[in-house]
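Okay, so here's the structure we're looking at.
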Amino acid sequence: MNHLLTIGELEPVQIQQLLDLSAELESTGEQVLQGKNIGFVFEKPSLRTKIGTEVAINQLGGNAVQIEADLLLANGKAVPFTCRESLYDAMMNVSQWCDAIFARVYSHNTLVKMKEYGTIPVVNALCNMHHPMQALADMLTIQQKFGKEKKLNIAFVGDANNVAFSLFETALQMGHSVAFAGPKQYSWDEDKLNYFSLLSVQFGGGFNCTTNPAEAVSNADVIYTDTFVSMGEEHFFEEKIKHFQPYQVNEKLFSQAKPETGFMHCLPAHRGIEVTDEVMDHPNSWVYQQAKNRKVVSKGVFTALLCDEYRSLFKPQGKPELAASLSN
Ligand code: CP
Ligand code: NVA
């Protein structure tokens, strides 16, 4: 049995196979998930991940089964009689009916436990550290714009968090170069900086971390940002926003890149905060194509996990030690 918790579990060749399979399933409309039931459990809100994936599963002939987050995940609160049953028991039950589970959780460790306790594949729909399904959709979007061969410069301006982490793991493994700009106090720790540098050396790209957004975007083919304040840290808004103001992707910053540079955002966007209307609605903004591709890559991932014909795409490859230590 296999899972998808982080991009670091995948080899570059598997990433490409997943993207190719996703595009193929989107164009053929083959109903490869008939009779498959996928449980959705979301501890946090979601539009794109939940609806995009549900539509993907429906289009492949499968069923998405919504599970109330409190039924499965309330035990994280560890207060007797406020949770119905242990995560172990809940996962063992869900494993009797569902073929896979798609989970959005606060803590990555919850996914690790779900994987350990259940007998079905677990797919990460976003956690505090990773957003692998987003990163796959982003790489598909990038390839649709530039083709598969060209090595690119990807600038990420903003918060060092889940979306950026999975994007960097994907882009660096595909041989692209990444430039990150964000405030020092919210930047990557040394382990993660080392990890990105190692990936860049291993796969022939480059990695640069700066506090200067103009430097990061100067040679960029793509400028990416995410919200400055992620789900669950809304109470830090006032504090964070003071440091992030210089990192807004606005016309001035966008015009410091090349005229053909694209803009990407995982969404939801906070217009006027991390990005302005001018950039969101710019002809080079690819944000809705990214959103569309959230559905497309879900097709490839669940098919690779659940259909015997494609399961070899997910053969365990042995995760690099450093990536493993960063994920727990
Ligand atoms: N990008 C993304 O994951 O969006 P949702 O939070 O709406 O799922
Ligand atoms: N970093 C954001 C991504 C939302 C898709 C969050 O975790 O809320």
Side-chain angles (χ1 to χ4, degrees), residues 4-7 22 38-57 64 66-67 69 73 101-111 123-142 156-171 180-183 186-188 192 222-237 239-241 243-244 247-249 263-271 273-275 280 285-299 301-302 327:
L4 181 58
L5 265 48
T6 73
I7 290 291
S22 300
I38 294 149
F40 279 43
V41 60
F42 278 60
E43 269 191 316
K44 308 183 198 184
S46 170
L47 178 65
R48 282 144 290 271
T49 310
K50 192 186 261 183
I51 308 304
T53 305
E54 187 165 344
V55 170
I57 289 164
Q66 302 297 333
I67 303 169
L73 303 167
I101 188 155
F102 191 40
R104 170 167 286 195
V105 297
Y106 281 98
S107 164
H108 183 77
N109 203 36
T110 304
L111 295 168
V123 177
N124 185 352
L126 179 145
C127 66
N128 57 326
M129 296 179 69
H130 303 271
H131 200 358
M133 301 297 277
Q134 178 71 50
L136 291 172
D138 295 338
M139 190 47 57
L140 183 61
T141 308
I142 287 169
F156 188 102
V157 179
D159 199 16
N161 200 357
N162 44 12
V163 168
F165 188 89
S166 293
L167 176 72
F168 295 2
E169 278 194 311
T170 310
F180 171 83
Y186 294 99
S187 192
W188 306 101
K192 295 196 180 81
V222 175
I223 300 175
Y224 200 119
T225 194
D226 179 13
T227 182
F228 293 154
V229 180
S230 286
M231 288 179 274
E233 55 175 41
E234 291 80 2
H235 49 290
F236 291 129
F237 177 81
E239 176 57 29
K240 277 189 101 175
I241 210 68
H243 300 283
F244 277 93
Y247 299 90
Q248 182 187 67
V249 183
F263 172 69
M264 297 178 75
H265 190 313
C266 53
L267 308 181
H270 305 88
R271 289 170 178 255
I273 300 183
E274 74 271 9
V275 59
M280 271 291 284
S285 168
W286 304 333
V287 297
Y288 303 119
Q289 187 167 334
Q290 288 175 263
K292 177 176 177 183
N293 283 332
R294 298 299 314 277
K295 180 197 79 169
V296 179
V297 299
S298 290
K299 291 186 177 180
V301 168
F302 283 99
S327 298

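One is the number of the first residue; the rest follow in order along the sequence. Both ligands and their constituent atoms are indexed starting at 1 by order of listing.
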Open item on the list: To the closest 0.5 Å, what do you measure between CZ (Phe102) and OG1 (Thr53)?
Closed with: 3.5 Å
TODO: Among all protein heavy atoms, pick the one closest to atom 2 (C) of ligand 2 and tell me residue, atom and distance.
DONE: Ser230 OG, 3.3 Å
Task: Nearest-contact summary for atom 7 (O) of ligand 2 - protein heavy atom, Å - done: Asn162 ND2, 2.9 Å
Open item on the list: With a heavy-atom distance limit of 4.0 Å, tell me whether Asn128 approaches ligand 2 through its side chain, its backbone, both, or neither.
Closed with: neither
- [ ] Could you tell me the separation between the CG atom of Asn124 and the CD atom of Gln134, rounded to the nearest 0.5 Å?
- [x] 12.0 Å
Open item on the list: At less than 4.0 angstrom from any non-hydrogen atom of Thr227, what atoms of ligand 2 do you find?
Closed with: 2 (C)
Open item on the list: With a cutoff of 4.0 Å, is Asp159 in contact with ligand 2, counting heavy atoms of the residue only?
Closed with: no
Task: Flag if over 12 foreign heavy atoms under 6.0 Å of NZ, Lys292 - done: no
Open item on the list: Is any side-chain heavy atom of Thr49 closer than 4.5 Å to one of His131?
Closed with: yes
Open item on the list: Nearest 0.5 Å, please: how far is OG in Ser46 from CG in Leu126?
Closed with: 8.0 Å
- [ ] Working to the nearest 0.5 Å, report the span between CZ of Arg104 and CZ of Phe40.
- [x] 11.0 Å
Task: Enumerated ligand 2 atoms positioned under 4.0 Å from heavy atoms of Leu126 - done: 3 (C), 4 (C), 5 (C), 7 (O)
Task: Residue and atom name of the nearest protein heavy atom (relative to atom 8 (O) of ligand 2), distance in Å to one decimal - done: Met231 N, 2.8 Å
Open item on the list: Below 3.5 Å, N or O to N or O, backbone or side chain included: is there any such pair between Asp226 and ligand 2?
Closed with: yes
- [ ] Calculate, to the nearest 0.5 Å, the distance between atoms NZ and OG belonging to Lys44 and Ser230 respectively.
- [x] 7.0 Å
Open item on the list: Tell me whether the rings of Phe165 and His130 are parallel (<30°), tilted (30 to 60°) or perpendicular (>60°).
Closed with: perpendicular
Open item on the list: Using a 4.0 Å cutoff against the non-hydrogen atoms of Leu267, which atoms of ligand 2 qualify?
Closed with: 5 (C)
- [ ] State the atoms of ligand 2, each with its element, that fall below the 4.0 Å cut-off from a heavy-atom position in Val163.
- [x] 3 (C)
Task: Within the 4.0 Å heavy-atom sphere of ligand 1, strictly under, residues - done: Ser46, Leu47, Arg48, Thr49, Arg104, His131, Gln134, Cys266, Leu267, Arg294
Task: Check: Leu136 and Ile7 side chains under 4.5 Å, non-hydrogen atoms - done: yes
TODO: With rounding to the nearest 0.5 Å, note down the distance linking CD1 in Ile67 to CD1 in Ile38.
DONE: 11.0 Å
Open item on the list: Checking Phe244 now: which residues fulfil ring-ring contact (aromatic ring centres under 6.0 Å, His included) with it, not counting sequence neighbours?
Closed with: Tyr186, Phe228
